[in-house]
Number of protein chains: 2
Amino acid sequence: MAKLTSLKSEKRLLDRQAADGIRTHILEGILPAGGRLLETQLSEELEVSRGTVRAALAQLAREGLVQQVAFTRWQVSETSPRDAWELYTLRAALEGLAARLAAEHGVAADHKRLKSTVAELTRAVKDKRFDDVTDIDFRLHQEIVEIAKHRRLAEQHGFIMQQVRFHMVHSGFFPTDYAALVDEHAALIGAVIERQPDLAEQLAKSHNEAEVKLLAAHTEENPRAVTAS
Amino acid sequence: MAKLTSLKSEKRLLDRQAADGIRTHILEGILPAGGRLLETQLSEELEVSRGTVRAALAQLAREGLVQQVAFTRWQVSETSPRDAWELYTLRAALEGLAARLAAEHGVAADHKRLKSTVAELTRAVKDKRFDDVTDIDFRLHQEIVEIAKHRRLAEQHGFIMQQVRFHMVHSGFFPTDYAALVDEHAALIGAVIERQPDLAEQLAKSHNEAEVKLLAAHTEENPRAVTAS
DNA sequence: TGGCGGGTAATCGTCAGCAATCCCGCGAGC
DNA sequence: GCTCGCGGGATTGCTGACGATTACCCGCCA
């Protein structure tokens with residue numbers, strides 16, 4: 001059952017390893033939003049050449065975590081309410097498609113996995129392990145996308161979710177109504193398992209719209225909480 | 001009224017110019033699908049260093065036009081029916097969102113521009129200038145996306161449309177029912193102008209679904225027309 | 001036929017260095 | 001006081017050469 005993980009791609013492609021390292025730092029909030037990134041400094045810390053660092057930064061720029069100011073500097077992206085709106089609307093569109101496809105193409109094994117993850121989510125909420133809740137939430141959505149068997153969709157969704165995570169870390173926004181969260185996910189997964197594509201798509205979209213409204217309210221109350229200089 | 005176009009970003013960023021050059025060659029079909037790309041050869045032809053060529057190729061790989069086989073070769077992407085399905089389903093989701101937003105946020109000037117482009121399209125079909133029809137079709141969808149004022153959506157849509165163009169060139173698939181094409185676009189633009197977000201989204205999606213069905217029929221009739229070794 | 005090993009060719013990664021550009025502070029001039 | 005221009009310093013952009021690593025091809029051999 002357990003898949004073999006490719007022996008290759010272990011050590012190789014140094015630029016991607018470099019990107020992984022920088023990405024982790026950004027996603028964990030160690031590097032502040034808007035913070036500057038120096039090629040020479042990174043190349044010393046990571047012990048790779050400047051060229052490799054440049055390749056890594058270009059990749060991260062494509063992922064939306066880093067911005068390039070030509071001839072001047074690299075910096076960690078900043079977070080604005082506008083970004084949050086873009087992320088959630090785009091996420092809704094992508095996850096709507098993913099939910100539809102998953103409802104159409106999912107097989108028994110997929111359904112089993114989804115049920116298991118929902119159960120995990122429910123348990124984590126009951127136990128008030130809220131850090132775990134967030135992780136499981138992300139994983140659940142990722143599983144739906146994987147079931148959709150759509151390479152480009154999975155890639156785009158991954159980038160978007162990375163930015164969502166980044167935005168959450170730097171804006172201090174987290175879900176509040178955990179009961180509703182569980183209900184919405186349970187309903188979505190139910191629609192997927194019962195092979196109701198239209199309903200699944202609709203639920204995936206409305207789930208995201210609910211979040212974007214919460215977020216809007218949050219940024220109203222906490223204006224300019226994080227935006228750097 | 002006319003905006004000033006930035007004086008900068010004209011000549012600079014050699015790696016992007018290199019990417020532009022290679023991209024054009026690929027999109028025009030000069031380089032065959034699956035065709036190999038040699039760093040040394042490209043660097044000679046473009047008269048830039050190999051490092052710059054590598055940066056350009058990495059960019060094109062992120063855009064989906066080129067594939068990297070680690071330590072071995074770069075090659076132009078190949079086209080499969082699966083790719084076509086991915087492109088059209090993803091495109092439907094993105095353009096659905098774009099149409100909805102455009103219907104919600106579009107202003108009079110936007111509506112005027114859309115009407116003008118639809119008129120162009122109608123005229124081109126009437127005159128049987130079918131090359132122009134394809135270009136105007138692409139431009140119309142791009143205008144809707146621009147009206148949506150959604151940076152990430154515009155970026156993703158651009159990449160997808162590039163791949164759609166690539167796939168059309170290499171699979172020899174082009175629209176056939178031009179009357180229906182004009183009707184569908186007119187209906188979509190009408191919904192946008194009349195500010196009917198739900199209808200606009202629905203029309204954008206069904207328009208794409210119609211195309212994916214045509215494409216499926218086409219690849220049934222012409223199996224393996226282009227897929228290289 | 002199937003496995004082993006060497007040769008070749010291409011990419012991956014490094015390095016030193018120069019060019020191009022931007023940022024910033026200082027001083028001149030109004 | 002304010003604006004403007006002008007260098008100097010810092011950082012990125014790009015190059016060329018080089019060695020390291022890897023994949024592919026092909027012949028040898030059992």
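Sequence lines set the chain letters: A, B, ... in the order given, protein chains first and strands last, and positions in each chain run from 1.
- Counting non-hydrogen atoms under 4.0 angstrom, A:Val48 reaches the backbone sugars and phosphates but no base.
- When rounded to the nearest whole Å, the span between CG of B:Leu37 and P of C:dT11 equals 9 Å.
- The CG atom of B:Leu13 sits 7 Å away from the P atom of D:dG13 (whole-angstrom rounding).
- In this structure, B:Leu46 atom CG and D:dC14 atom P are separated by 13 Å, rounded to whole Å.
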Under the salt bridge (charged side-chain N to carboxylate O under 4.0 Å, His left out) criterion, do B:Arg152 and A:Asp83 qualify, and how do the steps go?
-> CA-CA 9 Å; B:Arg152 287 172 176 82; A:Asp83 287 321; 3.0 Å; yes
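- Ring planes of A:His207 and A:His185: perpendicular class, angle over 60° (limits at 30 and 60°).
- Map A:Val69 and A:Asp15 each onto its nearest nucleotide of DNA chain C; the residue landing nearer the 5' end is A:Asp15.
- One can place CZ of B:Phe71 at 6 Å from P of D:dT22, the figure rounded to the nearest angstrom.
- Looking at which nucleotide of DNA chain D each of A:Arg73 and B:Arg73 is closest to, the 5′-most match is held by A:Arg73.
- Distances shorter than 4.0 Å separate some side-chain N or O of A:Thr52 from OP1 or OP2 on C:dT14.
- Considering only the side chain of A:Arg50, D:dG13 comes nearest among C:dC12, D:dG16, D:dG13.
- Between C:dC12, C:dG13, C:dC22, one nucleotide has an atom nearer to the side chain of A:Thr72 than all others, and that is C:dC22.
- Note that CG of A:Asp135 and CG of A:Leu140 are 12.5 Å apart. Values are rounded to the nearest 0.5 Å.
- Proximity of B:Thr89 to A:Leu153: side-chain heavy atoms (C-beta onward) are nowhere separated by under 4.5 Å.
- Among the nucleotides C:dT11, D:dG13, D:dC14, the one closest to the side chain of A:Trp74 is D:dG13.
- As a whole-Å value, the separation of A:Gln68 CD from D:dT11 C1' is 12 Å.
- Atom CD of B:Gln41 is separated from atom C1' of C:dA9 by 14 Å (rounded to the nearest Å).
- Here the side chain of A:Leu38 is nearest to one of D:dT11, C:dT11, D:dG13, namely D:dT11.
- Contact annotation for A:Arg16: no contact, since no heavy-atom pair falls under 4.0 Å across all strands.
- The base of C:dG13 is paired with the side chain of B:Arg54 by a donor and an acceptor separated by under 3.5 Å.
- In the set C:dG13, D:dC14, D:dT12, the nucleotide with an atom closest to the side chain of A:Glu39 is D:dT12.
- Across all strands, A:Leu57 comes closer than 4.0 Å to no nucleic acid atom at all (heavy-atom distances).
- Contact between B:Phe166 and B:Ala33 at its shortest, heavy atoms only, is CZ-CB, 4.5 Å.
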